[in-house]
Amino acid sequence: MAVTDWLTSEITVQPGLIIATIGIAVAVAISLQSSSSSSKTEIESIMKTSSPNDTGNDTSTPSSKKVKFADSNSTKAGASEALRLTMKQGDQHMKHYNAGEDGDVIARKRTPIEEEVLKKVQNAEQIVSTLPKDHLVKHEVDLFLPELLKDAIFVGHLVTDLDSVAGAIGAAELYGGKAALASDVNSETQFALDQWKVDTPPRVEDVLEKDPDMDVCLVDHQQTSQMNPKISADQIVGVIDHHALQSKTIVTDKPIYIDIRPWGSMSTIIAHTFLTHQRRPPVPIAGMLLCAILSDTLNLQGPTTTEWDRLMVAVLADIAGVKDIQFLASQQFKAKSKELANLSAHALVNGDQKTFSFEASGFTGDIGFAVVETTDDDAILDKVADLLPEMVAGKRENNLQCLFLAVVNIVKLKSQLLLCGPTEKALATAAFGGEISEDGMLMDLGKRVSRKKDYIPVITRTIKAGWSRPKDMKRGLSTVSLDKLGTLTVDPNDPMSKVERVGSILQASVSPQMKEFREMMSTRDFGETGDDEKKMETDETLVIG
């Protein structure tokens with residue numbers, strides 16, 4: 001792929017969307033420069049290896065016999081831990097670890113984020129290999145960076161989130177300006193700042209108080225309703241964003257720099273621009289950008305995720321030296337869950353969910369197990385009416401036989417298990433034997449608080465001991481067709497781009513399906529028919545019950 005082809009491959013024009021790219025300017029700059037043929041070769045190399053749809057060798061399903069590590073520091077784009085725990089050939093998509101006093105080996109499927117970065121390992125390593133070893137080194141070829149952004153304040157939106165803060169920090173490093181906050185940081189952003197040892201930027205009000213005439217570049221937003229009121233439209237010299245242009249978009253009296261791309265995260269844009277300018281972001285910056293992309297794309301599983309987001313995550317994980325990207329993502333989610341008001345039911349169910357595979361005499365299939373750690377479990381349990389439809393939809397969409405959600409109070413060290421169907425109720429009763437609420441949807445797990453030590457080993461032993469679905473068990477919500485379980489959408493007016501499921505008939509608590517379900521779950525009689533299991537495997541309109 002030629003340099004101009006790669007640089008302009010992402011350029012599209014859509015109604016209501018402006019995409020400004022440096023592609024033409026870079027192509028012209030390279031064509032006019034003859035200072036170093038090796039420099040040009042380096043640039044062309046990074047362009048050729050960076051196409052987001054080109055995964056190179058198929059590393060999504062490597063066997064343990066094929067995996068080779070150049071040295072102990074190899075990160076494999078954040079998936080070295082996933083590869084290290086890969087099971088024998090034929091089980092390429094599994095991880096395993098010992099758990100339980102009897103030494104049971106428990107297999108779990110690789111998480112979606114582990115699978116995604118494994119697909120990008122080769123491209124990520126090739127891209128990083130072309131970058132200068134030192135982040136202070138700049139490429140010999142003079143590439144275009146807008147002068148009007150130099151020394152500007154880079155600031156995100158009110159109710160600021162991780163993408164807004166990380167993007168501002170990264171942009172300030174890239175363009176030569178100063179990062180600032182529009183509002184106080186949330187718990188997830190504070191986690192990332194602490195994780196990568198980055199100083200918290202000052203508030204934009206404080207910066208402008210010292211120098212009222214400083215130019216401002218807005219990041220992660222362009223609507224006046226999301227802008228800090230201390231910022232005047234006359235001060236704005238640029239916008240770097242990934243949201244659609246809608247009502248209350250800023251209006252300026254002069255031309256400004258615009259870079260708006262239809263990607264899942266604003267930090268993806270900053271990371272991409274670092275690479276196209278042959279700049280290696282410093283490790284703390286790479287780490288912040290990585291965490292921001294994971295946050296905004298819901299660990300690369302959100303509806304706005306693009307191939308560019310996936311590629312940049314792999315590249316940044318390599319630069320930042322992350323070996324276990326799933327662990328990073330789970331720790332980040334735990335930090336985010338401290339502020340429950342900002343999390344949708346979809347985020348709570350999918351934020352820290354892992355899938356485990358079983359093959360025994362009485363049960364074969366995948367079981368999903370999600371965990372939410374919080375200091376206020378009542379706030380989560382009050383959302384059961386929202387969590388249940390999301391669990392049912394996720395169970396069907398991911399072809400799971402069971403899906404559990406454990407709500408763990410990390411202060412009182414106790415937990416509750418949310419049961420979304422009769423299969424879950426039957427298995428949990430056999431495994432844990434905890435007291436079940438009157439409505440049949442919650443089980444008290446007592447002092448069990450660890451998925452790795454307390455939940456999965458017990459379920460594993462129960463299934464290995466011969467547990468199977470009761471033959472007279474009803475199907476629960478398995479009569480609801482998938483197309484009636486709603487779709488995931490992003491609220492365009494939410495500065496944090498909250499992802500929610502809309503249109504599910506289960507969200508109406510008075511619906512006939514929910515009424516029948518509640519009546520069934522509140523009784524210990526699982527009902528009738530033993531042939532439903534086979535029927536559910538072949539009927540596409542049914543939710544596995």
Side-chain angles (χ1 to χ4, degrees), residues 7 10-14 16-26 143-158 160-182 189 201 204 207 214-224 226-228 231 233 235-246 248-252 254-277 279 281 285-286 288-293 295-297 304 306 308-309 312 316 492 495-497:
L7 282 167
E10 79 277 16
I11 301 175
T12 57
V13 179
Q14 300 177 359
L17 183 65
I18 298 176
I19 301 173
T21 183
I22 60 173
I24 298 176
V26 174
L143 303 180
F144 171 74
L145 279 176
E147 284 293 326
L148 75 168
L149 296 188
K150 189 175 182 181
D151 299 323
I153 302 172
F154 292 86
V155 61
H157 50 73
L158 293 169
T160 196
D161 61 3
L162 180 51
D163 193 32
S164 186
V165 176
I169 293 172
E173 171 72 20
L174 175 64
Y175 293 103
K178 185 178 184 66
L181 302 175
T189 304
V204 68
V207 178
M214 286 189 72
D215 293 331
V216 174
C217 178
L218 304 180
V219 301
D220 203 31
H221 74 298
Q222 22 68 21
Q223 293 179 302
T224 56
Q226 299 178 15
M227 197 166 68
N228 186 290
I231 300 173
Q235 293 176 285
I236 299 174
V237 295
V239 169
I240 306 174
D241 192 19
H242 67 122
H243 297 99
L245 299 174
Q246 295 181 328
K248 298 184 179 179
T249 297
I250 62 166
V251 176
T252 63
K254 58 183 181 297
I256 64 173
Y257 178 78
I258 299 284
D259 190 348
I260 301 179
R261 311 185 202 182
W263 296 352
S265 168
M266 178 265 174
S267 292
T268 303
I269 301 173
I270 299 299
H272 181 270
T273 308
F274 264 105
L275 299 183
T276 57
H277 287 74
R279 295 273 302 277
I285 303 295
M288 289 294 297
L289 296 174
L290 169 63
C291 286
I293 300 173
S295 176
D296 251 32
T297 63
T304 63
T306 68
W308 291 107
D309 301 300
M312 291 303 104
L316 292 168
M496 301 185 71
S497 301

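Note that the structure is a prediction, hence the values are computed from the model and not measured. Quick note: residue numbers are just sequence positions, from 1. Below, each value reflects all heavy atoms present in this structure, side chains not excepted, and no hydrogens, waters or symmetry copies.
- Between L162 and S295, the shortest heavy-atom distance links the atoms CD2-CB, 4.1 Å.
- Atoms NE2 and CG, on H157 and D241 in that order, are 8.5 Å from each other to the nearest 0.5 Å.
- Closest approach of A292 to S267, counting heavy atoms only: CB-OG, 3.3 Å.
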Trace of the side chain to side chain contact (heavy atoms under 4.5 Å, CB included) decision for D259 with I269:
CA-CA 8 Å; D259 190 348; I269 301 173; 3.6 Å; yes
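- By the 4.5 Å heavy-atom criterion applied to side chains, Q222 and I258 are not counted as neighbours.
- Between V251 and A233, the shortest heavy-atom distance links the atoms O-CB, 4.0 Å.
- Ring geometry, W308 versus H272: the interplanar angle exceeds 60°, so the pair is classed perpendicular (tilted spans 30 to 60°).
- Between V165 and L181 the shortest side-chain heavy-atom distance falls below 4.5 Å.
- There is no side-chain donor-acceptor pair under 3.5 Å between D309 and S265.
- Annotation for L174 and R279: closest pair O-NH1, 3.5 Å, computed over non-hydrogen atoms.
- In this structure, OG1 in T276 is found 8.0 Å from CG in L145, a value given to the nearest 0.5 Å.
- In this structure, I240 and Y175 have side chains that are in contact, with non-hydrogen atoms separated by less than 4.5 Å.
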Pair I169-I285, side chain to side chain contact (heavy atoms under 4.5 Å, CB included): steps then yes or no
CA-CA 7 Å; I169 293 172; I285 303 295; 3.4 Å; yes
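- Inter-residue side-chain proximity for D161 and D296 is flagged as met; some heavy-atom pair is nearer than 4.5 Å.
- Residues I293 and M312 form a side-chain contact, since some pair of their non-hydrogen atoms from C-beta on lies under 4.5 Å apart.
- The two atoms that bring A180 and V207 nearest to each other are CB-CG2, 4.4 Å, heavy atoms only.
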Output, in order, the C-alpha distance, side-chain angles, deciding distance and verdict of side chain to side chain contact (heavy atoms under 4.5 Å, CB included) for M227 and I236.
CA-CA 11 Å; M227 197 166 68; I236 299 174; 3.6 Å; yes
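- Annotation for G170 and L289: closest pair CA-CD2, 4.5 Å, computed over non-hydrogen atoms.
- Counting heavy atoms from C-beta outward, I250 and L218 have side chains that approach closer than 4.5 Å.
- With contacts defined as side-chain heavy-atom distances shorter than 4.5 Å, the pair P262/T306 does not qualify.
- From L290, atom CG reaches atom OG1 of T268 across 10.0 Å, with rounding to the nearest 0.5 Å.
- At a threshold of 4.5 Å between non-hydrogen side-chain atoms, the residues H242 and T304 do not count as touching.
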Would you check, one step at a time, whether the test side chain to side chain contact (heavy atoms under 4.5 Å, CB included) holds for D215 with L148?
CA-CA 8 Å; D215 293 331; L148 75 168; 5.8 Å; no
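- Atoms NZ and CD1, on K178 and I153 in that order, are 8.5 Å from each other to the nearest 0.5 Å.
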